[in-house]
Amino acid sequence: MAEHLLSTAVHDTLPGSYVRPEPERPRLAEVVTGARIPVVDLGSPDRGAVVAAVGDACRSHGFFQVVNHGIHAALVAAVMAAGRGFFRLPPEEKAKLYSDDPARKIRLSTSFNVRKETVHNWRDYLRLHCHPLDEFLPDWPSNPPDFKETMGTYCKEVRELGFRLYAAISESLGLEASYMKEALGEQEQHMAVNFYPPCPEPELTYGLPAHTDPNALTILLMDPDVAGLQVLHAGQWVAVNPQPGALIINIGDQLQALSNGQYRSVWHRAVVNSDRERMSVASFLCPCNHVVLGPARKLVTEDTPAVYRNYTYDKYYAKFWSRNLDQEHCLELFR
Ligand code: AKG
């Protein structure tokens with residue numbers, strides 16, 4: 001129900017339904033700060049160097065930042081402003097879009113899956129299907145007034161950026177540049193505008209608990225000056241502090257499968273803080289629902305047998321939403 005939204009009220013105490021059991025808490029004091037996840041300069045004229053840097057980052061971290069990515073800083077700023085403007089709308093206006101049904105293609109919701117979960121997360125989110133854009137745009141929020149145009153333009157540019165990244169990722173695996181894009185079929189695209197209000201007891205809860213992304217590739221835009229995203233690297237949680245103007249890229253479960261496990265869909269989480277609200281905009285490129293997915297043939301050899309069974313994304317995605325966010329991915333192992 002819409003009254004569950006966190007963004008409609010100021011909170012002085014953390015309700016019990018958000019409190020994680022002691023062993024599951026974020027242990028913020030143990031998080032590695034000041035480390036940098038790899039940076040890839042997409043503006044470099046040296047294609048070989050870009051492909052090598054993407055491959056290295058996918059192997060070592062599963063996460064990287066891209067700079068000189070071609071999406072204009074003014075558009076990025078407008079996207080953040082439109083998102084914030086949306087969450088500042090009066091409660092009655094936001095209530096019109098509220099739904100806790102994961103099957104709804106346009107919805108404002110809270111936590112992750114309030115129908116299933118036992119402990120909630122300190123997050124509201126606006127989830128939008130984005131492709132084909134003309135099909136969904138009419139039902140997107142019409143407030144703030146520039147929301148549709150700004151977010152629509154951003155979605156198209158992000159999609160193109162994603163396709164450029166697929167080419168570099170394919171090449172870095174020794175595949176044709178077109179491989180990933182073709183293997184994933186006519187792709188769906190979703191967007192989550194995540195809003196994390198200040199939280200009275202951030203050490204007891206999460207904005208989003210540790211998870212891997214079920215889609216193929218995620219392009220994340222976030223407040224550069226409010227920390228919150230953390231990635232699991234070498235057994236430790238590492239805080240991500242993006243360079244100004246950078247976008248964060250991560251490999252999702254589908255690229256883990258297509259790469260036959262060479263690239264990992266890495267665990268990440270969002271923590272909250274007591275002083276400042278935080279916003280992020282996650283763009284998810286997803287496979288076509290019905291194409292058969294599985295390890296690329298060229299990557300399956302006698303020495304590197306197929307790690308995953310073939311499957312279709314519609315079944316995969318249904319399984320993803322039927323469980324808790326912080327469970328192991330649902331790729332089925334051969335062994
Ligand atoms: C997601 O939307 O799946 C995220 O992981 C968002 C992380 C963030 O807000 O930094």
Side-chain angles (χ1 to χ4, degrees), residues 6-7 26 28 31 33 35 37 61-66 76 79-80 83-84 86-87 102 107-114 117 120-130 151 154-155 158 162 188-199 202 205-233 237-243 246-256 264-273 276-286 316-317 320-321 323-330:
L6 296 165
S7 56
L28 298 173
V31 172
T33 53
I37 62 165
H61 285 70
F63 259 82
F64 54 99
Q65 321 180 39
V66 288
V76 166
V79 166
M80 292 302 271
R84 275 189 211 292
F86 174 80
F87 282 101
R107 66 191 175 102
L108 171 63
S109 198
T110 191
S111 190
F112 169 64
N113 188 354
V114 282
E117 66 205 14
H120 300 315
N121 307 302
W122 200 255
R123 169 184 83 139
D124 286 348
Y125 65 104
L126 177 64
R127 182 120 195 157
L128 304 173
H129 277 225
C130 316
M151 295 300 198
Y154 180 70
C155 282
V158 154
E188 296 215 0
Q189 183 179 347
H190 311 166
M191 175 191 262
V193 185
N194 299 311
F195 184 82
Y196 309 96
C199 173
T205 193
Y206 290 100
L208 274 173
H211 63 284
T212 66
D213 286 348
N215 51 296
L217 190 76
T218 303
I219 300 177
L220 185 73
L221 165 63
M222 60 190 248
D223 276 324
D225 56 345
V226 189
L229 176 65
Q230 299 177 350
V231 300
L232 193 60
H233 180 62
W237 285 105
V238 176
V240 175
N241 303 109
Q243 278 190 202
L247 293 166
I248 308 289
I249 312 299
N250 68 284
I251 297 293
D253 297 349
Q254 308 311 314
L255 289 190
Q256 176 165 328
R264 309 298 297 182
S265 174
V266 166
W267 290 89
H268 55 287
R269 64 187 193 179
V271 298
V272 287
N273 74 84
R276 298 183 65 183
E277 70 183 36
R278 174 170 179 267
M279 217 186 81
S280 70
V281 180
S283 297
F284 305 109
L285 291 185
C286 313
Y316 189 88
Y317 200 56
F320 172 79
W321 279 101
R323 68 212 242 295
N324 287 331
L325 181 61
D326 51 358
Q327 273 174 256
E328 184 66 63
H329 65 69
C330 340

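Remember, it's a predicted structure, so these values are computed and weren't measured experimentally. Indexing begins at 1, ligand by ligand and atom by atom, following the structure's order.
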Using salt bridge (Lys or Arg N to Asp or Glu O under 4.0 Å) as the criterion, list what pairs up with D253, not counting sequence neighbours.
-> none

Sequence neighbours left out, what passes salt bridge (Lys or Arg N to Asp or Glu O under 4.0 Å) with E277? Give chain and number order.
-> R84, R88

Taking 4.0 angstrom as the limit, do R276 and D223 come out as a salt bridge?
-> no

What one should report as the nearest heavy-atom pair of Y317 and P214 is CE1-CG, 4.1 Å

Dump all N/O pairs between ligand 1 and the protein below 3.5 Å as a table: atom names plus distance, one pair per row.
from     : atom 1 : to   : atom 2 : distance (Å)
ligand 1 : 2 (O)  : N194 : ND2    : 3.1
ligand 1 : 3 (O)  : H211 : NE2    : 3.2
ligand 1 : 5 (O)  : H211 : NE2    : 3.2
ligand 1 : 5 (O)  : H268 : NE2    : 3.3
ligand 1 : 9 (O)  : Y196 : OH     : 2.6
ligand 1 : 9 (O)  : R278 : NH1    : 3.3
ligand 1 : 9 (O)  : S280 : OG     : 2.7
ligand 1 : 10 (O) : R278 : NH1    : 3.4
ligand 1 : 10 (O) : R278 : NH2    : 2.8

For H211, enumerate each residue passing the ring pair (Phe, Tyr, Trp, His ring centres under 6.0 Å) test, keeping only those at least two apart in sequence or located in another chain.
-> H268

Do the ring centers of F112 and W321 come within less than 6.0 Å of each other?
-> yes

